[in-house]
2 protein chains.
Amino acid sequence: MPPVNGAPASGLASLERIDRETVSGRVYRDLRELLISGEISPGEKLALRSVAAALGTSLMPVRDAVARLAAEQAVEVMPNRTVRVPVMTRGRFEELRTIRLMLEGHCTEVAAAHATPQDLTRIRELHADFTAEHDMDDPDAGRLIRLNKEFHFAVYKASRMPVALQMIEGLWLQIGPVLNFDLRTKSERLSRRVAVGHHTELLAALERRDGPAARKALSEDIVSAGDFILSRNVLPVT
Amino acid sequence: MPPVNGAPASGLASLERIDRETVSGRVYRDLRELLISGEISPGEKLALRSVAAALGTSLMPVRDAVARLAAEQAVEVMPNRTVRVPVMTRGRFEELRTIRLMLEGHCTEVAAAHATPQDLTRIRELHADFTAEHDMDDPDAGRLIRLNKEFHFAVYKASRMPVALQMIEGLWLQIGPVLNFDLRTKSERLSRRVAVGHHTELLAALERRDGPAARKALSEDIVSAGDFILSRNVLPVT
DNA sequence: ATCTGATATCTGTGATCACACTTGCATCAG
DNA sequence: CTGATGCAAGTGTGATCACAGATATCAGAT
């Protein structure tokens, strides 16, 4: 293809970039979404052929997708070669929370220093959406979960730490199934109430560029949500 | 299979667990080793068929392995669908170092509190091996790199944080190519001298269960090694 | 009723083929 | 010699097949 720049201005400039998406990638993202939103329960087994059939493709793309998910610990391959959503133990849950506090805490602190005005408006919008959905008579659990995630990640993205962002996504992918599955089954209003409060504090801290305060608000958000799950005693000890 | 426990004591107990390894896993580990030890240079392209041929298998296992590596950011798939070892930029390198300081620092501090006597002897042994190899007239770069890795990971493993350990491996996989490639091309003795010093301090701190001191020694190890690479100015800015 | 045994189905794994796209190289016009 | 053009080789992607191991089902014997 000859350099477009040399050509005289034409309708060509209005052409959109065409992104050939692979089926593999599509399957990966679909499964990922199902996992992160808790629509596949922990311990559930995944049969490659079933997934392929459900998505109307062959085995191949599913194999690639599952390999990627396995690398991220989002699913695990048992010694029998069957793949399943990992069962969350109490210890693993607590370790994941510890790591989240470190990584997400750091990103939040950095975000407070680096966030652009655009970042802040975006975060503000998402916070408003989340609050609005939360205050509805019958909030949609799925939408709440998604908005909560988008709010958090908008903050992390403002830190301009792409590698950390990627790692955090991996963490959410691991925690998502149990967290959201639990939230989905019994919609506990109370825990969300406090979530809104923490988000408000977090946003306020970001706006006055107070890194430590932002980190503190986030930490409380993470810890309280975790405590809620832990208090339910649904996680096996080992 | 009937429960073995019910059977009378026999030579059966001496049987080793048979691990049917998949070719996929083998390819994955081979590639991983090549990457982490810097035997594949950053920017180098990987052709699936070439890898398959080199390892004497078909495309399939290679595809699975590469999918896993891509999920860990150990290789990247370009828009053209070709896979290559990511080129390390200065910014990415610094971010990776920041994250390493957090994660590995934390694990080291925890390890100081939780390390068993067995852990400590293991770490001591690896430290001795590393020092011995280092003090040789013509140290083997590859072996040195491997021993350094084993020493570090023996420490992290003592923290009993499997999830963090996994993440740290991912980080080393990303840093490995540039770090070890550079160390391999020009064997700078000086930087290793200081590495031995930091390792000695680290070990001493662990033995007296001094978490903060252990973290400090590790941080200096990571920072100084990173500074060495950064000072070489081989990393593109963007 | 319980356990053992064989069988039929289902599982993931690996190889091979077909295809569309990209890249490299040689050819040819200027 | 320089440039573009066309063809050939090489690329990843996806589908299909073959196969060994696992799992479930059910018959028969104790």
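All chains are named by letter (A, B, ...) in the order of the sequence lines, taking the proteins before the strands, and each is independently numbered beginning at 1.
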Quickly work out the Arg84(B) CZ to dT23(C) P distance and round it to whole Å. 13 Å

How long is the line joining NZ of Lys45(B) and P of dT11(D), in whole Å? 9 Å

By the salt bridge (charged side-chain N to carboxylate O under 4.0 Å, His left out) test, which pairs, at least two apart or in different chains, include something from residues 41-53 of chain A? none

Sorted by first residue and then second, give each salt bridge (charged side-chain N to carboxylate O under 4.0 Å, His left out) pair with at least one member in residues 60-70 of chain B; sequence neighbours left out. Arg63(A)-Asp64(B), Asp64(A)-Arg63(B)

On the ring face of Trp172(B), is Arg32(B) found with NZ or CZ under 6.0 Å from the centre and within 45° of the axis? no

Angle by which the axis turns from one end of the helix from dA1(C)-dT30(D) to dG30(C)-dC1(D) to the other, five pairs per end, to 10 degrees: 0°

What residues, two or more places apart in sequence or in another chain, satisfy ring-ring contact (aromatic ring centres under 6.0 Å, His included) together with His127(B)? Phe151(B)

Residues at least two apart in sequence or cross-chain that pass ring-ring contact (aromatic ring centres under 6.0 Å, His included) with Phe93(B), listed by chain then number, are none

Determine, for nucleotides 10-17 of chain C in 5'-to-3' order, which nucleotides have protein heavy atoms under 4.0 Å from the base (write B), from only the sugar-phosphate (write S), or from neither (write -). -BBBBBB-

Asp221(B) bridged to Arg100(B) by N-O distance under 4.0 Å: no

Interatomic distance, CG@Leu120(B) vs CZ@Arg122(B), rounded to 0.5 Å, equals 13.0 Å

Can a donor-acceptor pair be found between the side chains of Asp227(A) and Ser224(A) at a distance below 3.5 Å? no

